[in-house]
Novice: 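Quick one: structure below, then a few questions.
Here the structure is a predicted model, which means the values were calculated and not measured.
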Amino acid sequence: MKQIRQRQRIIILSLLSLSVVAPLIFLGRREFLQDLYRVTSRTDSSKLNVVEQIQGGAEEFKEQNLVGYKEKNVVSTISYDSEKNNDAEESRIAALERNVSGFSHDERQDGDARKKDSSSADENINVHAVPYRMSKENITLTNRPSRRQEDRHHILNPPSREVKNQKVQEIKDQILMAKVYLKFAPPSSNSHLKELELRMKEMERGVEGVTRDLDLSRSVLQAMRHMEASLSIVSRAFSDCSMVSKLQAVKRKTEEQVRFQRSQATYLVHLAVRTAQKNFHCLSMRLTAEYFSLRPEERQLPNENKIHLPDLYHYAVFSDNVLACAVVVNSTVSTTREPDKLVFHIVTDSLNLPAISMWFFLNPPGKATVHVQSTENFEWLSKYNTFGKNNNSDPRYTSELIYLLFYLPDIFPTLNNIVIFDHDVVVQQDLSGLWNANMKGNVIGAVGTCQEGKTPFHRIDAFVNFSDPLIRESFDDNSCTWAFGMNFFDLQQWRRHNLTAVYHKYSQMGSEKPLWNRNNGRLPLGWLTFYNKTEMLDRQWHVLGLGHNSGVDRNEIEQAAVIHYDGIRKPWLDIAMGRYKSYWTKFLNFDHPFLQQCNLQA
């Protein structure tokens, strides 16, 4: 009987020896290490990783130790989906973490992505969950590309790590995840949560002030592995569905709060834009009073005989803002080589005509000519009756001054060319070169706004409704848009193409059906009216964004011929961007008595 037992022991020991030697003989040691790596990579990849120890001491490992590790630890981590196995599984994870406490986490993700070739595809298991669980009935095969030679290289000769703070980032991610769990349940409600809170505080202390992996102590790395185990345990204690629903609820509530705050901020900003400031109202009243103190024959500005001469440089501004008009005129005159050839046409309403006229009586722009006129002088304008059809309550988009741009040949019947300024621009260079530009038969010269890598970037399809058949057939939805604010117009070509009638056509269509977002004002109408009639100018002529974009390149601003405060943060408002305001204020003399009396300051 004893002999039989001895023979059984010999047979068992022989089989065990064969299981150790056979892989080394038939596969070679590297293949054996590779298979071991693959087996271990199936375990909980969020907690366990044996790559570093294998790569660091592969030549020193004994085969029996490797086999012992494989049999004792890896197999013990494989469990089946069952509620009754949870406690046992947690204890096995803790034991396994103690066994691999010297292993690194750095190469784990690379190892998880590498699998055996197609000849061993039946050994690949689709694992999911933290920690990984497998069901006997639901083991799935995955086919992944073979990279045997690369696997060997990565196991025994891992690439140098490029990321020097990977562990630091992982620790911060762990802390963030712990805070998420603790947000939804008090630590006192669950012993695992209490342990998680303690480990989180320990990790926060350990990583405080640390930016590189090299600065992490061994105790912090050990705590990192314990933190992974705690996160894994807590993740199983909470239902995925309940956690998702709670996160969704928080997300919805946060989004509602953000929308409310943005709505409030937008309302207050627009209120500030629309409301006349007290000091501006003061200035307008003082100038108006001075204007009406003059005799009628004294209310004529000088050199008005030049306003109809087509050979001069004509500039037009449509505005009801005294100081804005002053800056446009002053900045243009200060940069020109031939001030006596400049003629400024300021078109305003009857309410603001006295104030603007009086300002230029008191502050004449040198040799340049200024002509101020009111929309009431345009008797022909009443027959069109196209204003106010956009159903928009914002005065910035309903004012007649905004849409007078589309009637330039009627307003200036004797002129051939003209430059139109928005009142929120500043001229920094001589603009006489615009009159020498080759327009190639086009009507308008403008700076495009759809150059790749530049801001702003707009295409027409973002503003115009191309679901309308007529729009879709008449326009290319990839067409480039261009900027208002500083535009050169060939009025002869305008008259030849009768573009005012084209404007009326699209304006009428837009009033009958939604062809564009009316909050974009005249922009879509302009792009449709001057479609295929626009000559793109160099971007240096006109730089945009100073009224809404805090990141405009300073060099672009300095080199620009015209800078534009497009947006709601105008340079004369309290909400203006401080970094750009000085480009505008330097063209005003704030020592002027009226500005002093009305408390207007730079």
Novice: Would R472 and F466 count as a cation-pi pair here, with the cationic atom under 6.0 angstrom from the ring centre and within 45° of the axis?
Specialist: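 No; the conditions do not both hold, so R472 does not lie above the ring face of F466.
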
Novice: Pairing donors with acceptors under 3.5 angstrom, does anything connect the side chains of N352 and D349?
Specialist: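 Yes, because at least one side-chain N or O of N352 sits under 3.5 Å from a partner of the opposite role on D349.
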
Novice: Between S357 and P354 (side chain of the first, backbone of the second, donor and acceptor by atom type, cut-off under 3.5 Å), is there such a pair?
Specialist: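 No; judged by distance alone, with no hydrogens or angles, the pair does not exist.
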
Novice: With heavy-atom distances below 4.5 Å as the criterion, would you say the side chains of D591 and Q596 are in contact?
Specialist: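 When only atoms from C-beta onward are counted, Q596 and D591 do touch, with a gap below 4.5 Å.
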
Novice: Within a radius of less than 6.0 Å around CD of Q257, do more than 12 heavy atoms belonging to other residues, nucleotides or ligands occur?
Specialist: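 Result for CD/Q257: enclosed.
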
Novice: Look only at the side chain of S284 and the backbone of F280, and say whether a donor-acceptor pair between them is shorter than 3.5 Å.
Specialist: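 No, S284 side chain to F280 backbone: no donor-acceptor pair under 3.5 Å.
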
Novice: Are K167 and D213 close enough, and set up right, to give a salt bridge (charged side-chain N to carboxylate O under 4.0 Å, His left out), and what steps lead you there?
Specialist: CA-CA 6 Å; K167 288 185 182 298; D213 290 354; over 6 Å; no

Novice: Could you tell me if the side chain of N305 sits less than 4.5 Å from the side chain of T369, heavy atoms only?
Specialist: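 No, side chains not in contact.
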
Novice: Please report the C-alpha distance between E400 and Y407 in whole Å, then the side-chain angles of each, then the deciding distance to 0.1 Å, and finally whether the side-chain hydrogen bond (donor to acceptor under 3.5 Å, both in side chains) criterion is met.
Specialist: CA-CA 11 Å; E400 289 185 353; Y407 298 95; over 6 Å; no

Novice: With a 4.5 Å limit on heavy-atom distance, are the side chains of F360 and I346 in contact?
Specialist: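 Side chain of F360 against side chain of I346, heavy atoms only: contact under 4.5 Å found.
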
Novice: Please step through side-chain hydrogen bond (donor to acceptor under 3.5 Å, both in side chains) for the pair W494 and T500, ending with a clear verdict.
Specialist: CA-CA 8 Å; W494 184 314; T500 300; 3.0 Å; yes

Novice: Kindly compute the distance separating CD (Q174) from CE (M200), expressed to the nearest 0.5 Å.
Specialist: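 Reported to 0.5 Å precision, the distance equals 12.0 Å.
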
Novice: Does the gap between the ring centers of Y403 and F318 come in under 6.0 Å?
Specialist: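 Distance test on ring centres: not under 6.0 Å, no.
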
Novice: Using a 3.5 Å distance criterion without hydrogens, assess whether the side chain of D490 forms a donor-acceptor pair with backbone atoms of Q492.
Specialist: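 Yes: the side chain of D490 pairs with the backbone of Q492.
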
Novice: Taking the side chain as every heavy atom from C-beta outward, state whether F488 and W541 have any atom pair closer than 4.5 Å.
Specialist: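 No - every pair of side-chain heavy atoms lies 4.5 Å or more apart.
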
Novice: With rounding to the nearest 0.5 Å, note down the distance linking CG in L415 to CG in L309.
Specialist: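 Taking CG in L415 and CG in L309, the distance rounds to 9.0 Å.
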
Novice: Evaluate the criterion side-chain contact (heavy atoms from CB on, under 4.5 Å) for residue pair V343 and Y313; output intermediate values, then yes/no.
Specialist: CA-CA 6 Å; V343 180; Y313 300 143; over 6 Å; no

Novice: How about NZ on K367, more than 12 heavy atoms from neighbouring residues, nucleotides or ligands closer than 6.0 Å, or not?
Specialist: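 For K367, atom NZ is not crowded (no more than 12 foreign heavy atoms under 6.0 Å).
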
Novice: Which distance, rounded to the nearest 0.5 Å, do you find between the CD of E290 and the CZ of F361?
Specialist: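 Rounded to the nearest 0.5 Å, the CD-CZ separation comes out at 12.0 Å.
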
Novice: Between P571 and K581, which heavy-atom pair has the shortest distance, and what is it?
Specialist: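 Distance-wise, the nearest heavy atoms are O-CE, 3.1 Å.
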
Novice: Roughly how far apart are Q373 CD and F378 CZ, rounded to 0.5 Å?
Specialist: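 It is 4.0 Å, given to the nearest 0.5 Å.
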
Novice: Under 3.5 Å, is there a donor-acceptor pair linking the side chains of D430 and S432?
Specialist: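 Judged by distance alone, the side chains do pair up.
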
Novice: May I ask you to check whether F412 and H345 place their ring centres under 6.0 Å from each other?
Specialist: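 They qualify: ring centres under 6.0 Å apart.
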
Novice: Within a strict 4.5 Å, meaning less than it, do heavy atoms of the V317 and V347 side chains meet?
Specialist: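 Result no, sub-4.5 Å side-chain heavy-atom pair not found.
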
Novice: Do H592 and W359 have ring centres separated by under 6.0 Å?
Specialist: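 Yes; W359 has its ring centre under 6.0 Å from that of H592.
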
Novice: Pick out which of V419, T332, N330, V333 makes a side chain to side chain contact (heavy atoms under 4.5 Å, CB included) with V427.
Specialist: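 Single pass found, and it is T332.
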
Novice: Determine whether the side chains of E379 and N377 contain a donor N or O and an acceptor N or O closer than 3.5 Å.
Specialist: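 E379 vs N377: no donor-acceptor pair found between side chains.
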
Novice: Please check if atom CZ in F260 has more than 12 non-hydrogen atoms from other residues, nucleotides or ligands closer than 6.0 Å.
Specialist: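 Counting neighbours around CZ of F260, 12 or fewer heavy atoms of other residues, nucleotides or ligands fall under 6.0 Å, so no.
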
Novice: Any side-chain heavy atom of N442 within less than 4.5 Å of one from T534?
Specialist: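 No - every pair of side-chain heavy atoms lies 4.5 Å or more apart.
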
Novice: Are R262 and E255 close enough, and set up right, to give a salt bridge (charged side-chain N to carboxylate O under 4.0 Å, His left out), and what steps lead you there?
Specialist: CA-CA 10 Å; R262 284 179 176 173; E255 288 176 346; over 6 Å; no

Novice: Which distance, rounded to the nearest 0.5 Å, do you find between the OH of Y315 and the CE of M486?
Specialist: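 Going from OH on Y315 over to CE on M486, the span is 9.5 Å.
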
Novice: Hey, are the side chains of V168 and I171 touching, using non-hydrogen atoms and a 4.5 Å cut-off?
Specialist: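 Side chain of V168 against side chain of I171, heavy atoms only: no contact under 4.5 Å found.
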
Novice: Is the NZ or CZ atom of R522 positioned over F484's six-membered ring, under 6.0 angstrom from the centre and within 45° of the axis?
Specialist: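 Because its charged atom sits under 6.0 Å from the ring centre and within 45° of the axis, R522 does stack over F484.
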
Novice: Can you tell me if S350 and E376 form a side-chain donor-acceptor pair at under 3.5 Å?
Specialist: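 Per modelled atom types, S350 and E376 side chains form a pair under 3.5 Å.
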
Novice: Verify the neighbour count for atom CE of M177: are there more than 12 heavy atoms of other residues, nucleotides or ligands below 6.0 Å?
Specialist: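 Incorrect, the count does not exceed 12.
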
Novice: Has E298 got more than 12 heavy atoms of other residues, nucleotides or ligands less than 6.0 Å from its CD?
Specialist: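 Enclosed: over 12 neighbouring heavy atoms sit under 6.0 Å from CD of E298.
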
Novice: Give a yes-or-no answer on whether the side chains of Q508 and Y503 include a donor-acceptor pair shorter than 3.5 Å.
Specialist: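 No, no side-chain donor-acceptor pair sits under 3.5 Å.
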
Novice: What do you reckon, is CZ of R259 surrounded by more than 12 foreign heavy atoms closer than 6.0 Å?
Specialist: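 For R259, atom CZ is crowded (more than 12 foreign heavy atoms under 6.0 Å).
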
Novice: Could you tell me if the side chain of V443 sits less than 4.5 Å from the side chain of L499, heavy atoms only?
Specialist: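 Touching, per the 4.5 Å side-chain cut-off.
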
Novice: Please check this pair: side chain of Y531 against backbone of S474, looking for a donor-acceptor N/O pair closer than 3.5 Å.
Specialist: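 No.
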
Novice: Would V425 and V327 count as a side-chain contact (heavy atoms from CB on, under 4.5 Å) here? Give the steps.
Specialist: CA-CA 8 Å; V425 304; V327 169; over 6 Å; no

Novice: From Q493 CD over to N416 CG, what is the distance, rounded to the nearest 0.5 angstrom?
Specialist: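 Separation between the atoms: 11.0 Å.
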
Novice: Dump the intermediate steps for side-chain contact (heavy atoms from CB on, under 4.5 Å) on W482 and E535, then the final yes or no.
Specialist: CA-CA 10 Å; W482 43 267; E535 180 64 25; over 6 Å; no

Novice: Kindly say whether the aromatic ring centers of F475 and W527 come within a distance under 6.0 Å.
Specialist: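 Not close enough - the centres of the two rings lie 6.0 Å or further apart.
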
Novice: Backbone N or O of T335 within a donor-acceptor pair of the Q429 side chain at under 3.5 Å?
Specialist: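 Absent.
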
Novice: Please report the C-alpha distance between L528 and F463 in whole Å, then the side-chain angles of each, then the deciding distance to 0.1 Å, and finally whether the side-chain contact (heavy atoms from CB on, under 4.5 Å) criterion is met.
Specialist: CA-CA 11 Å; L528 298 181; F463 301 89; over 6 Å; no

Novice: Would H314 and N417 count as having a side-chain donor-acceptor pair, cut-off 3.5 Å?
Specialist: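 There is no such pair (donor and acceptor under 3.5 Å, judged by atom type) between the side chains of H314 and N417.
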
